[in-house]
2 protein chains.
Amino acid sequence: MKEMNAKEQMEIYLQSHKIESLFNEEILPYLSLYEFDKGQQICSQGEAVENLYILVKGKVKIFTTSEEGKTLILSFKTPLEVIGDIEYVQEIDTINTVEAVSPVVMIGVRQSVLRRFLKDHSPFLQFLLRIITRKFYIKSQFMRHNILYPVETRLASYLVSVAYDENETLVNGNVSVSNLTDIANLIGTSYRHLNRVIKEFCKNGLVERNKGSIVIKDLEGLKSLAKENLYE
Amino acid sequence: MKEMNAKEQMEIYLQSHKIESLFNEEILPYLSLYEFDKGQQICSQGEAVENLYILVKGKVKIFTTSEEGKTLILSFKTPLEVIGDIEYVQEIDTINTVEAVSPVVMIGVRQSVLRRFLKDHSPFLQFLLRIITRKFYIKSQFMRHNILYPVETRLASYLVSVAYDENETLVNGNVSVSNLTDIANLIGTSYRHLNRVIKEFCKNGLVERNKGSIVIKDLEGLKSLAKENLYE
DNA sequence: TTTCAAAAAGGACATATGTCCTAAATTTTA
DNA sequence: TAAAATTTAGGACATATGTCCTTTTTGAAA
């Protein structure tokens, strides 16, 4: 992790995400930029929280680990997102571990500073409300899907969601699947079973394997298997 | 559903839950009291939302239904709780169905009224933040538990949670289990399987059956089976 | 290039959980 | 009280999913 104090760079991030209005003049000197390398942990389940972070660049993975060491990936997040908001409001320790899966830039600010300057600043409160309710809704749908439907449905749903990149344009068939283990943990199943289902999808002509990556052959077929569109 | 305008009654609810400060003078005339009978629906998945409700008396059940008609109970809620907050902030249709499981009283207010009077009223915003982050946290733990652990663990966890009533005092062994189907839907399994696990619990001396109700025989045993304390 | 570690793929088997049915017990309604 | 509907309980079987291993492939490091 690298902490920076580049005022200009901060300006650029604030403007590009249109979040200048969240803050007031007094708090600006207390905002810092943090850079994390791929693989670095931003915060770790169970530990005390000091900062609230706003993700302005890169991608993070949020996951939880059970006593037995099982991992469950809860989500991947890209800007604009907030890390540590629940903990800030509830005054509790870190709920889930957050890890950079690409080079990441965050705006960080201490909880004590927030309490001092933004406790009654309604643009900031409204911002948090919007971010958190969105998170809640997504988690709600994700959970519903995960409990109500079998792995087959969940995988189809996942593939449909990554078939489109961030710009909503269809990524030409070839879905670069970073890591099957991650997918297994994301859809809440074992690696073994995931493989079994992928094999089934191949047999039915929905996808093809190609050196570790998966090529979507029948997007419509996947969509109908996915039942509900998890990612809007 | 019965809509009332009893000013005095309203006062009592506002004071007993210490939520007078959420509102300002202008909005008070727009607050209404609603009564729902046991079994009545407060709102229904997919339909448009008009009101935001504050649950001040009684108990509600929040659930979702899949295309195939499977039901998943997400939670039971008692005061103080808010219904329709996510929908209000996100401006979306009702996410889950809410049903009274006892006679219920709610304070209701139209979204349009809220937008007019409380959009920048920070006590209200802070209140929503606290309520929603709490919900988020609970849902988070619930989901984690549900995906990571087998039914056995989830049932033990549920039984431990109902062994204590709202006052944190141990309800003397005899847990009045309203309805096994509800439990099955709450812990996300089938009625059949729930029964199987209960039988197993009986065999191991953890609980006993007694005309439909379940008597806890070994609370400590259940606690250790439950692994993590879901309900704090 | 060689070596090594990680990731992919899947066989064999065990276990958890679901579906469908039937019968008894219990509660609700007429 | 009688009849109907709901809830309980569990048998029999099918299916989904998990665990443990082995082999192969791939990509990174020496």
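No donor-acceptor contact under 3.5 Å links the side chain of A/Arg196 to the base of C/dG11.
When rounded to the nearest whole Å, the span between CD1 of A/Ile147 and P of C/dG18 equals 11 Å. Across the protein-nucleic acid pair, A/Ile198 atom CD1 and C/dA8 atom P stand 9 Å apart, rounded to whole Å. One interatomic measurement links the two molecules: CZ of B/Arg154 to P of C/dT17, which rounds to 6 Å at whole-angstrom precision. Computed from coordinates, the B/Asn195 CG to C/dC20 P distance equals 17 Å when rounded to whole Å. Distance NE2 (B/His193) to C1' (D/dA9): 15 Å, rounded to an integer number of Å. The interatomic distance linking A/Ile183 (CD1) with C/dA7 (C1') rounds to 13 Å, in whole Å. The NZ atom of A/Lys199 sits 13 Å away from the C1' atom of C/dA8 (whole-angstrom rounding). Whole-Å rounding puts the A/Leu148 CG to D/dA16 P distance at 16 Å.
Using modelled atom types, one side-chain atom of A/Ser102 and one backbone atom of A/Lys59 make a donor-acceptor pair closer than 3.5 Å. Distance alone, capped at 3.5 Å, places no donor-acceptor pair between the B/Thr189 side chain and the B/His193 backbone. Side chain of A/Ser16 to backbone of A/Ile12: a donor-acceptor contact under 3.5 angstrom is found. Checking side-chain atoms of A/Gln40 against main-chain N and O of A/Asp37 turns up a donor-acceptor pair under 3.5 Å.
A/Tyr13 does not carry A/Lys57 over the face of its six-membered ring by the limits of under 6.0 Å from the centre and within 45° of the normal. A cation-pi contact, defined as under 6.0 Å to the ring centre and within 45° of the axis, links B/Lys61 to B/Phe63.
Using a 4.0 Å heavy-atom criterion, one finds that A/Thr189 contacts the sugar-phosphate atoms exclusively.
OP1 and OP2 of C/dA8 both lie 4.0 Å or more from every side-chain N or O belonging to A/Arg209.
Defined by atom type and a distance below 3.5 Å, a donor-acceptor pair is missing between the side-chain atoms of A/Thr97 and A/Gln41.
The residue among A/Arg192 and B/Arg192 whose nearest nucleotide of DNA chain D is located toward the 5' end is B/Arg192.
End-to-end axis angle of the helix from C/dT1-D/dA30 to C/dA30-D/dT1, from C1' rotation axes over five pairs per end: 50° (rounded to 10 degrees).
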